[in-house]
Each structure stands twice: as C-alpha cells, then as structure tokens.
Amino acid sequence: MNIKKIILPFAAGVLALSLTACNGEDKATKEEKPQEETKQEATKAPSEQDQAAAAKEMQAKLAKQEVDESKVVAVVNEEELKGEEYNAVLASVQGQMQQTGQDPSSKEAAKQVKEQVLNTLVGQTLILQKAKEAKITATDKEIDEQYKSFVEQYGGEEAMNKALKAQSMDTKMLKTQIADSILFEKYQDKVVPAKEVTEKEIKAYYDQAASQAKSAGQDLPPLEEAKEEIKGILKQQQQQELLTKHVEELKADAEIELKI
C-alpha cells in the first residue's frame with residue numbers, strides 16, 4: 001500500500017473518469033493486433049531479471065516527472081501548493097494509468113499527466129478550503145479509527161512506521177492526511193448528497209455487468225447478493241459527477257495561478 005498520500009475522493013473519482021476514455025482507446029488498439037502477433041508475444045515471457053530491469057527503468061522515467069518538493073506549483077486563493085503535494089498526486093495518477101494498461105512515462109502522456117495532477121490538486125484544495133470555511137471538522141475519534149485501520153492493514157505500528165519512514169512520512173503527517181480525507185467526505189455529503197438509487201438502475205447495471213462477464217466466460221453472483229454493492233457503486237458515481245460539476249463552479253469563482 002502506498003501511503004505517501006491518501007488520495008481524496010475527488011482525486012480518485014476524477015482519475016477514474018478521465019482515464020476511462022483513454023483506457024478504452026488503449027483497449028481498442030490492443031484488439032487491433034493480429035492474433036498471430038498476440039500469440040508470439042505470449043510465448044516470449046520475460047524473465048524475472050528482465051522484469052526487474054524494466055521496472056527499474058520505468059521508475060526512473062516516472063521520477064523525471066517529479067518537481068522539487070519546495071517549488072510552488074500553484075496558488076489557489078492565496079494558498080500555495082508545493083511540489084511535495086504535486087509529487088504525491090503525481091504518483092497516484094501514474095499508478096492509475098499503469099493499472100489501466102497505459103504508459104504514463106511516454107511523451108504523449110506527459111502533458112496529460114501534468115494537467116491531470118494540477119487539476120486534481122486544485123480541485124481537492126478548493127473543496128478543503130470550502131469545508132474549513134463551513135467549519136466542518138474531523139474529530140479525534142474519527143481520525144483515530146481510520147489510523148487504527150492503517151495499523152491493522154500493516155500488521156502493527158512498527159511495520160507501518162517503517163513504511164512511513166521509507167516514504168519520508170511520520171504518524172503526524174499521516175493523521176493530517178486522514179483528517180483532510182474526513183473533511184472532504186463530510187463536505188461532499190453535505191453539499192452534493194447523492195439521490196436514492198432506483199431498482200431499475202441497479203438492474204440495468206447488473207445486466208450490463210453480467211453480459212460482460214458472460215463474454216469473458218465468467219459468472220456473476222445472483223442480483224440479490226450483488227444489489228448492495230451495485231447500489232454503492234452507482235451512488236458513488238452519481239456523487240462523483242455532482243462533485244466534479246461543483247468543483248468547476250468553485251474554480252470559476254476562485255483565484256488560481258498555475259506555476260508550472
């Protein structure tokens with residue numbers, strides 16, 4: 001788990017929305033490859049040594065997109081955003097792109113990555129500013145509960161502290177980011193609450209997913225078993241769309257200066 005930055009709900013959602021289209025194009029390109037070429041690629045499985053070398057090379061390319069941690073990358077309503085924050089979101093964007101089969105280190109992707117990182121960083125900053133203006137707070141109890149969940153996932157504080165140290169963080173920084181995440185979610189629920197998801201919407205989503213699963217030779221659990229999970233997904237999607245629109249409205253009234 002990478003805890004360099006707890007990516008906020010807006011950031012995660014925007015990444016998912018923006019990368020979906022790109023992933024579709026990438027998928028289409030892959031499907032255009034001749035079957036014989038695909039078979040040949042499958043027979044040339046890289047060795048562990050080759051994989052390690054490729055991973056090291058990729059990491060070096062991705063690192064070149066980072067900026068100096070103390071550099072001001074943007075100013076949002078007089079609040080300076082530094083390179084440290086930029087690099088944290090950058091790592092999340094790069095990771096999301098890799099998960100969807102894209103190469104974030106390519107020349108074509110570099111501009112898209114930079115724009116996405118700045119857009120995400122500005123958006124989450126605006127929301128946190130508004131949350132604080134509305135006097136929304138995160139209680140010590142709420143922060144401690146999430147903190148404990150991190151400790152449990154790592155199997156103890158010693159292991160987690162080791163991971164934090166490796167990423168130039170400490171428990172104080174982690175709790176600050178947890179607090180921001182809580183503020184974000186509370187603001188979202190207050191300002192852009194999602195409407196109730198209908199049975200019709202759940203059924204339509206399930207039918208589409210079932211069709212895709214069948215094409216891949218897989219089976220889904222019965223609708224009744226998947227209903228609550230689908231409801232959560234649809235609610236999150238709906239709320240994300242509302243939040244994205246809300247952020248655009250905030251941007252129109254904000255003073256934003258990009259420095260890179």
Side-chain angles (χ1 to χ4, degrees), residues 3-21 72-82 84-86 88-93 95-96 115-147 149-150 173-202 204-205 227-258:
I3 47 181
K4 180 73 175 179
K5 178 76 175 180
I6 300 174
I7 192 164
L8 300 181
F10 172 73
V14 167
L15 293 180
L17 289 173
S18 65
L19 295 175
T20 297
V72 176
V73 298
V75 181
V76 180
N77 293 327
E78 299 185 355
E79 180 179 346
E80 293 184 340
L81 308 181
K82 300 289 186 69
E84 181 179 11
E85 298 168 274
Y86 178 92
V89 178
L90 172 67
S92 296
V93 172
Q96 285 275 353
E115 290 177 352
Q116 187 60 62
V117 173
L118 288 171
N119 183 54
T120 298
L121 195 55
V122 168
Q124 67 183 38
T125 300
L126 284 169
I127 286 184
L128 289 174
Q129 287 176 348
K130 286 296 180 181
K132 290 169 184 175
E133 283 179 20
K135 301 193 183 303
I136 295 173
T137 59
T139 67
D140 290 341
K141 182 179 179 181
E142 291 170 330
I143 294 170
D144 288 340
E145 284 177 355
Q146 288 201 22
Y147 176 81
S149 72
F150 273 92
M173 292 172 67
L174 175 60
K175 287 187 176 182
T176 297
Q177 293 180 6
I178 289 173
D180 284 348
S181 179
I182 293 171
L183 288 183
F184 196 104
E185 291 178 351
K186 286 185 176 181
Y187 179 85
Q188 177 177 260
D189 290 338
K190 179 179 179 180
V191 178
V192 287
K195 297 178 182 178
E196 190 64 32
V197 177
T198 67
E199 293 292 326
K200 184 178 179 180
E201 290 172 324
I202 293 174
Y205 184 96
K227 183 178 289 186
E228 286 304 310
E229 182 177 355
I230 293 173
K231 186 177 181 179
I233 292 171
L234 291 174
K235 183 178 179 180
Q236 186 178 38
Q237 288 178 348
Q238 179 193 136
Q239 201 165 29
Q240 187 59 57
E241 290 172 2
L242 292 171
L243 189 62
T244 300
K245 183 179 179 181
H246 178 64
V247 168
E248 290 306 312
E249 293 171 352
L250 293 181
K251 285 181 180 179
D253 295 329
E255 293 182 7
I256 301 170
E257 183 181 1
L258 302 182

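Along the sequence shown, the residues carry numbers beginning at 1. In what follows, every heavy atom counts, from backbone to side chain, and hydrogens, waters and symmetry copies are set aside.
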- Task: Examine distances only and state if a side-chain atom of Q238 and a backbone atom of K195 form a donor-acceptor pair shorter than 3.5 Å.
- Result: yes
- Message: For Q236, is the CD atom crowded, meaning more than 12 foreign heavy atoms sit under 6.0 Å from it?
- Response: no
- Note on the structure: All heavy atoms of L128 vs all of F184, minimum pair found to be CD2-N, 4.3 Å
- Message: According to salt bridge (charged side-chain N to carboxylate O under 4.0 Å, His left out), who are the partners of K175, at least two apart in sequence or on a separate chain?
- Response: D144
- Query: What heavy-atom pair brings I182 and A138 nearest, and what distance separates the two atoms?
  - Reply: CG2-CB, 3.7 Å
- Item | Q124 versus L121, closest heavy-atom pair with distance | CG-O, 3.4 Å
- Item | With sequence neighbours excluded, residues passing side-chain contact (heavy atoms from CB on, under 4.5 Å) with V191 | Y187, H246
- Note on the structure: Nearest heavy-atom approach of A131 to L183 is CB-O, 4.2 Å
- For S149 and Q146, test the side chains for any donor-to-acceptor distance below 3.5 angstrom and give the result as yes or no. no
- Message: Could you check whether any side-chain heavy atom of N77 comes within less than 4.5 Å of a side-chain heavy atom of L126, counting everything from C-beta outward?
- Response: yes
- So how far is it from K227 NZ to Y205 OH, rounded to the nearest 0.5 Å? 15.5 Å
- Walk me through it: do K251 and N119 pass the test side-chain contact (heavy atoms from CB on, under 4.5 Å)? CA-CA 10 Å; K251 285 181 180 179; N119 183 54; 2.2 Å; yes
- Message: So L81 and V76, do their side chains get closer than 4.5 Å, heavy atoms only?
- Response: yes
- Flag the pair E142 and K186 as a salt bridge only when some basic side-chain nitrogen lies within less than 4.0 angstrom of an acidic carboxylate oxygen. yes
- Should V75 and V72 count as side-chain neighbours, where that means a heavy-atom distance under 4.5 Å? yes
- Query: Can you name the nearest heavy-atom pair linking V247 to G123, along with the distance?
  - Reply: CG1-CA, 3.8 Å
- Value for CD (E199) from CD1 (I202), rounded to nearest 0.5 Å, stands at 5.0 Å
- Item | Smallest separation among heavy atoms of V117 and L90, with atom names | CG2-CA, 3.6 Å
- Task: Identify whether the distance between the nearest side-chain nitrogen and carboxylate oxygen of K245 and E248 falls below 4.0 Å.
- Result: no
- Message: Checking E229 now: which residues fulfil side-chain contact (heavy atoms from CB on, under 4.5 Å) with it, not counting sequence neighbours?
- Response: I233
- Note on the structure: E249 meets the salt bridge (charged side-chain N to carboxylate O under 4.0 Å, His left out) criterion, sequence neighbours left out, with none
- Kindly state each residue pair satisfying salt bridge (charged side-chain N to carboxylate O under 4.0 Å, His left out) with at least one member in residues 128-138, sequence neighbours excluded. K130-E133
- V73 side chain reached by L258 side chain, heavy atoms, under 4.5 Å: no
- Query: In terms of side-chain geometry, is the basic nitrogen of K231 or E196 positioned less than 4.0 Å from the acidic oxygen of its partner?
  - Reply: yes
- Return yes if some donor-acceptor pair links the side-chain N/O of E201 with the main-chain N/O of T198 below 3.5 Å, else return no. yes
- Note on the structure: Distance col, row T125:OG1 vs L250:CG, nearest 0.5 angstrom, shows 11.5 Å
- Just by distance, with hydrogens left out, do T120 and Q116 show a side-chain donor and acceptor under 3.5 Å apart? yes
- Item | Rounded distance (nearest 0.5 Å) linking atom CD1 of I143 with atom CG of D180 | 9.0 Å
- Taken in chain and number order and not counting sequence neighbours, the residues that satisfy side-chain contact (heavy atoms from CB on, under 4.5 Å) with D189 are Q239
